[in-house]
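Since this is a predicted model, take the numbers as computed values, not measurements. Note that ligands are numbered from 1 as they come in the structure, with each ligand's atoms numbered from 1 the same way.
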Amino acid sequence: MHSFSKRLLGVADLLLQAQCPLCQRSTAKTFCPDCQRQIERCRFCHAEWMQQEHLPIFAWGSYSGALRRTIAVFKYENKPHLARPLGHWMADAWLKTPDRVIPFTVVPIPMHPDKQKQRGFNQAELLAEHFCEQTRLPLQAKGLERSRETTAQFQLSAGDRERNLADAFSLGAAFHKRPPTKAVLLLDDIYTTGATARSAAQTLRRHGIRVQGLIVLARAALEKDKG
Ligand SMILES: [Zn+2]
């Protein structure tokens, strides 16, 4: 190849290099190979449904280490583009399950509009878009609405969290007009105590809508993990 065109290609390569959002080293992919490896370590080898207080949950990985940092960067350092690889990973794990052929409607856990305005995006909705892009499941982002702002959950005891979330959701405009004919698969970024997801599921079930479970990118350790 002519040396001049080689040089041009070199410049193009440099322009294509982005910064790894976790360590700021330059990378040709979303994450540098090092951080990618660290995130992969948080992935569950055999992702499957786990029964949790009337709401089965399905998680891509454990809410710890590099995955926990990735989610923090995604949400709090304004990196909405990370939803694409993360949503696709969730989809890849899902597509390996026997449930992949069941036609669910995917509903992301909504944020309160004020909070969403502050952040600029709802991380669950973005993850759901990319999850559905890959799984081809129908998405209904307006299935639920956050009817009231809740106190930051981490400041509350377990009992107060449940009370804080009672009636935090209402049925969204889309489901008011036309309730889904398929069961709903809720989607969120993380699962910690499960109070938010249970509250969302209760709201749908109160309106006669079937809820299959919740799929998340990451979940905190459960009692059964420890035993
Ligand atoms: Zn990195």
Worksheet item: Under 30°, 30 to 60°, or over 60°: which ring-plane class applies to Trp60 and Trp89, parallel, tilted or perpendicular?
Response: parallel

Discussion item. With a 3.5 Å distance limit and no angle check, can you tell me whether Asn122 reaches the backbone of Pro108 through a side-chain donor-acceptor pair?
Written reply: no

Item to complete: Check which protein N, O or S atoms are less than 2.8 Å from the Zn ion (ligand 1) and report how many there are.
Response: 4

Worksheet item: Is any NZ, NE, NH1 or NH2 atom of the basic residue among Arg37 and Glu40 found under 4.0 Å from an Asp or Glu carboxylate oxygen of the other?
Response: no

Practice prompt. Check the surroundings of atom NZ in Lys142: do more than 12 heavy atoms from other residues, nucleotides or ligands lie under 6.0 Å from it?
Written response: no

Practice prompt. For the residue pair Leu217 and Ile71, establish whether any side-chain heavy-atom pair is separated by less than 4.5 Å.
Written response: yes

Item to complete: Please confirm whether Arg68 makes a cation-pi placement over Tyr63, using NZ or CZ under 6.0 Å from the six-membered ring centre and within 45° of the ring normal.
Response: yes

